[in-house]
Amino acid sequence: MQEAYLRGRNAPPTNAEIEAVAKRLCWNSCKWDGVDSYAAKDEDDAWNYAGEIPGFHEEYIRQAKELLALARKAVNE
């Protein structure tokens, strides 16, 4: 069981995990920018709203991958 746990912990993040982190980053960014007051009701809404702006999804996905890599490194140290 420990071996399976370690394999899972060392596996690269899935697309679903990356997208979940990207959506949270986007939602937090929208809240700080005041977007949620008139456009975004939740993470999915913010994600859809940001998708209308070229390059936004890609930037949030890049940031999500970076944060997941940093978290994984911290756990493994």
Side-chain angles (χ1 to χ4, degrees):
M1 189 149 35
Q2 183 178 11
E3 185 180 324
Y5 168 76
L6 290 173
R7 276 196 316 262
R9 194 171 94 177
N10 292 325
T14 65
N15 288 339
E17 291 170 319
I18 293 167
E19 187 172 304
V21 172
K23 283 182 177 183
R24 178 53 61 101
L25 290 170
C26 179
W27 175 238
N28 286 339
S29 175
C30 286
K31 289 192 324 186
W32 279 104
D33 293 342
V35 172
D36 65 331
S37 64
Y38 64 90
K41 296 181 238 42
D42 56 26
E43 286 180 6
D44 288 327
D45 203 28
W47 186 248
N48 293 335
Y49 179 79
E52 297 175 11
I53 304 167
F56 264 51
H57 279 183
E58 293 80 9
E59 178 58 20
Y60 286 116
I61 288 171
R62 184 198 65 74
Q63 290 178 27
K65 287 178 180 178
E66 184 178 310
L67 286 173
L68 286 166
L70 288 169
R72 178 82 33 100
K73 182 179 176 187
V75 167
N76 289 327
E77 289 181 345

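The structure displayed is predicted, hence computed values, not measured ones.
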Trainee: To the nearest 0.5 Å, what is the distance between CH2 on W27 and CG on D44?
Mentor: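 Those atoms lie 10.0 Å apart.
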Trainee: Measuring from K23:NZ to N48:CG, what's the distance to the nearest 0.5 Å?
Mentor: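 Reported value, rounded in 0.5 Å steps: 7.0 Å.
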Trainee: Roughly how far, to the nearest 0.5 Å, is the CD atom of E52 from the NE2 atom of H57?
Mentor: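 Taking NE2 in H57 and CD in E52, the distance rounds to 9.0 Å.
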Trainee: Of R72, K65, E19, which meets side-chain contact (heavy atoms from CB on, under 4.5 Å) against P13?
Mentor: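 Only one option passes, and that is R72.
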Trainee: Which heavy atom in S29 sits nearest to a heavy atom in Y60, and how many Å separate them?
Mentor: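 Result for this residue pair: OG-OH, 3.1 Å.
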Trainee: What pair of heavy atoms forms the shortest contact from A50 to F56, and how long is it?
Mentor: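 Answer, listing the atom of A50 first, then F56: O-CB, 3.4 Å.
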Trainee: Would you give the length of the straight line joining atom CZ of R24 to atom CD of Q63, rounded to the nearest 0.5 angstrom?
Mentor: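 Here the rounded value is 15.0 Å.
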Trainee: Nearest 0.5 Å, please: how far is CD1 in I61 from CG in L25?
Mentor: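 These two atoms lie 11.0 Å from each other.
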Trainee: Are more than 12 heavy atoms, taken from residues, nucleotides or ligands other than D42, located less than 6.0 Å from that residue's CG atom?
Mentor: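 Yes, the 6.0 Å shell around CG holds more than 12 heavy atoms from other groups.
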